[in-house]
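These notes are about the structure you will find just below.
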Amino acid sequence: MLTTCNPRPRNTHPFIHHLLPHNLTTTSAAATPPPPPPQPETTLANLVLTTSPQTLTSALKNNPVQYTPELVTKTLKRLWNHGPKSLQFFKALSHHPTYAHSTATFDHAIDIAARLRDYKAVWALVAQMKARRVGPTPKTFAIITERYVAAGKPDKAVKIFLSMHHQDCPQNLHSFNTILDVLCKSRRVEKAYSLLKVFRGRFGADTISYNIVANGFCLVKRTPRALEVLREMVERGLDPTLITYNIVLKGFFRTGQIKEAWEFFLQMKKRKCEIDVFTYTTVVHGFGVAGEVKKARKVFDEMIGMGVLPSVATFNALIQVLCKKDSVENAIVVFEEMLGKGYVPNSTTYNVVIRGLCHAGKMDRATEYMRRMKEDECEPNVQTYNILIRYYCDDGEIEKGIEVFEKMGGNCLPNLDTYNILISAMFVRKKSDDLLVAGKLLIEMVDRGFLPRKFTFNRVLNGLLLTGNQGSRSKDFHFTGKPIGLGHGTSSFHTLKLLPQQIGEKGYTWHDEIDLIRMWKFLY
DNA sequence: ATAGGGTTAG
């Protein structure tokens, strides 16, 4: 049974702080050394986040900083998880007196607009790019088609590819292989294969084309089909390469065909194809995942004897395997060995170790490793934060999860996973207050350009309707379309109005704008 | 940003 509690006082709400710029958060007393000055892109990103759309253009103009495409690119990367803000920022700089966008900044803006499924904006940006003679380039089309495929429009993506030469963009084997890969990476391998069959003559499909499609079949665990495609390749006179063999090897592991993988690996060695670090990493990881830790280690040791040096990725594979199938302690031994040999761990290495520690219930040591990560000049990324948030919430320490969520604000913005993890956690305690938080998180995520899953949206809406939160409903609410602060001053009802368009699909417990207004009233 | 290895999950 859900209990009704008094809503939290507005100003102490936990979500107020996480968007504030770093330099505005309270600094603790003299004992701690002063933090290093923030990077220029951090300062700029924080300015964008705390400025309303209406005043952004002038705020940027008055900001005494030299805008360069490099700075703008870095800033757009930081704002990646706040699509609407990123685009406002990009547009506000479009008519700056001393700055001009580059190919890279246009590509970035196009990527963001496409991810928001704002295709009108995408093509408007392409037109601008053309007018300013900085594109579009093949990379631009790779971005656009990838987003169309990800949005469930692979046919549209193919059409775009087939007409890209009308946009002054070369259509050649290179771009053909790109579209094949785009389709395969989004699991549309059948479409890719059809395309290959139709156009292999016209573009002169090569080994790379076939490798892409074979790998596509492996990705969807259809290794036998991959082998057929490769047989066809050989029949057409194209020779497989080491990459081809590595693709097949990984394919066997992926489908759990450990025996076949091992046999294939032995054949690769016997036939004297120069096995490389990719091959070994695949085998170490594959055996480990299958629970054959001893064999994984043996192969790891063997590679050094064969004169193939492990890479950071090889170490990451072994460390992960030990975490999952052996013990975190042994994994950390390898981690330290790695450091001793002069390797520089990357964020994946740290995330693997941190996840291992969390999984073993050692949350404090996980946090310690996160601190160590920062000292190593390897800033924790969204994944790092998501790991900690997830495990705290799974352990029932929801307050701690929220604490981590708040802390990430200054360094990186939450992504879709972060919101999904936290919103689900808001249902475990069956507390009415938690549902209010879930509602705010839902609105915040929409505001930042993330489309909640239907399940999430319905769960939150129904939860709010059922738990008697009507107490905070205000009768004199009028819809004016005017921006209304969400608590941290970055949100607006105007943005919220986009939701009906975004979720105007089947499956949402959604009738019209009224539902949203009701939700809004529950929350504010 | 033309292909292969390492993070997460049911």
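Per chain, numbering begins at 1; letters A, B, ... match sequence-line order. Owing to the predicted nature of the structure, the values given are computational and were not obtained by experimental measurement.
- In terms of polar N and O atoms assigned as donor or acceptor, the side chain of A:Asn316 never comes within less than 3.5 Å of the base of B:dG5 in a complementary pairing.
- Two rings, from A:His285 and A:Phe253, have their centers 6.0 Å or more apart.
- One atom, CZ of A:Phe315, and another, C1' of B:dT7, lie 17 Å apart when rounded to the nearest Å.
- There is a side-chain donor-acceptor pair under 3.5 Å between A:Glu302 and A:Tyr280.
- Checked against a 6.0 Å centroid threshold, the rings of A:Phe315 and A:Tyr343 count as neighbours.
- Atom CE in A:Met303 sits roughly 14 Å away from atom P in B:dG6 (whole-Å rounding).
- A:Arg254 and A:Thr223 are not linked by any side-chain donor-acceptor pair at a separation below 3.5 angstrom, with hydrogens and angles left out of the test.
- Across all their heavy atoms, A:Leu242 and A:Cys273 have their closest contact at CD1-SG, 4.3 Å.
- Contacts between residues 362-397 of chain A and DNA chain B, defined by a heavy-atom separation under 4.0 Å, are made by A:Gln383, A:Arg390.
- In this structure, A:Arg147 places its CZ atom 12 Å from C1' of B:dA1, rounding to the nearest Å.
- The closest side-chain donor-acceptor pair between A:Asn458 and A:Asn462, if any, does not fall under 3.5 angstrom.
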Could you give the side-chain donor-acceptor pairs of residues 107-114 of chain A under 3.5 Å, partners two or more places apart or in another chain?
from, atom 1, to, atom 2, distance (Å)
A:Asp107, OD1, A:Thr140, OG1, 2.7
A:Asp111, OD1, A:Arg147, NE, 2.7
A:Asp111, OD1, A:Arg147, NH2, 3.1

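- For an aromatic pair to be called close, the ring centres must be under 6.0 Å apart, and A:Phe335 with A:Tyr350 satisfies this.
- Residues from residues 273-289 of chain A that place a heavy atom under 4.0 Å from any atom of DNA chain B, listed by number: A:Asp276, A:Val277, A:Phe278, A:Thr281, A:Thr282, A:His285.
- Within residues 152-189 of chain A, the residues that have a heavy atom under 4.0 Å from DNA chain B are, in order of number, A:His174, A:Asn177, A:Thr178, A:Asp181, A:Lys185.
- We find that CG of A:Leu416 is positioned 14 Å from C1' of B:dA9, with the value rounded to whole Å.
- A:Ile208 comes within 4.0 angstrom of a base, heavy atoms only.
- Proximity of A:Lys250 to the phosphate of B:dG6: a side-chain N or O atom is located under 4.0 Å from OP1 or OP2.
- Within the 4.0 angstrom heavy-atom criterion, no nucleotide atom of any strand lies near A:Asp206.
- When only modelled atom types and interatomic distance are considered, A:Ser327 and A:Glu329 share no side-chain donor-acceptor pair under 3.5 Å.
- With A:Gln171 contributing its side chain and A:Leu162 its backbone, the two residues share a donor-acceptor pair below 3.5 Å.
- Expressed to the nearest 0.5 Å, how far NZ of A:Lys74 lies from OG1 of A:Thr105 amounts to 14.5 Å.
- Between the C1' atom of B:dA1 and the NZ atom of A:Lys77 lies a distance of 12 Å, rounded to the nearest Å.
- A distance of 11.0 Å separates CG of A:Asn346 from CG of A:Asp376, quoted to the nearest 0.5 Å.
- Within a heavy-atom distance below 4.0 Å of DNA chain B, the residues of residues 317-334 of chain A found are A:Gln320, A:Lys324.
- To the nearest angstrom, P of B:dG10 lies 14 Å from CG of A:Asp417.
- Out of B:dA1, B:dG4, B:dT7, the shortest distance to the side chain of A:Ile247 is found at B:dG4.
- A ring-centre distance under 6.0 Å is found for A:Phe90 and A:Phe106.
- By the 6.0 Å contact criterion, CZ on A:Arg187 is open, its count of non-hydrogen atoms from other residues, nucleotides or ligands being 12 or less.
- Checking A:Asp181 against A:Thr178 by side-chain atom types alone, no donor-acceptor pair falls below 3.5 Å.
- Between the CG atom of A:Asn415 and the P atom of B:dA9 there is a distance of 15 Å, rounded to whole Å.
- Contacts of residues 213-229 of chain A with DNA chain B (heavy atom under 4.0 Å): A:Asn215.
- Taking the six-membered ring for Trp and the full ring otherwise, A:Phe252 and A:Trp262 have centroids separated by 6.0 Å or more.
- Donor-acceptor pairing under 3.5 Å is recorded for the side chains of A:Asn415 and A:Asn386.
- The CG atom of A:Leu242 sits 12 Å away from the P atom of B:dG5 (whole-angstrom rounding).
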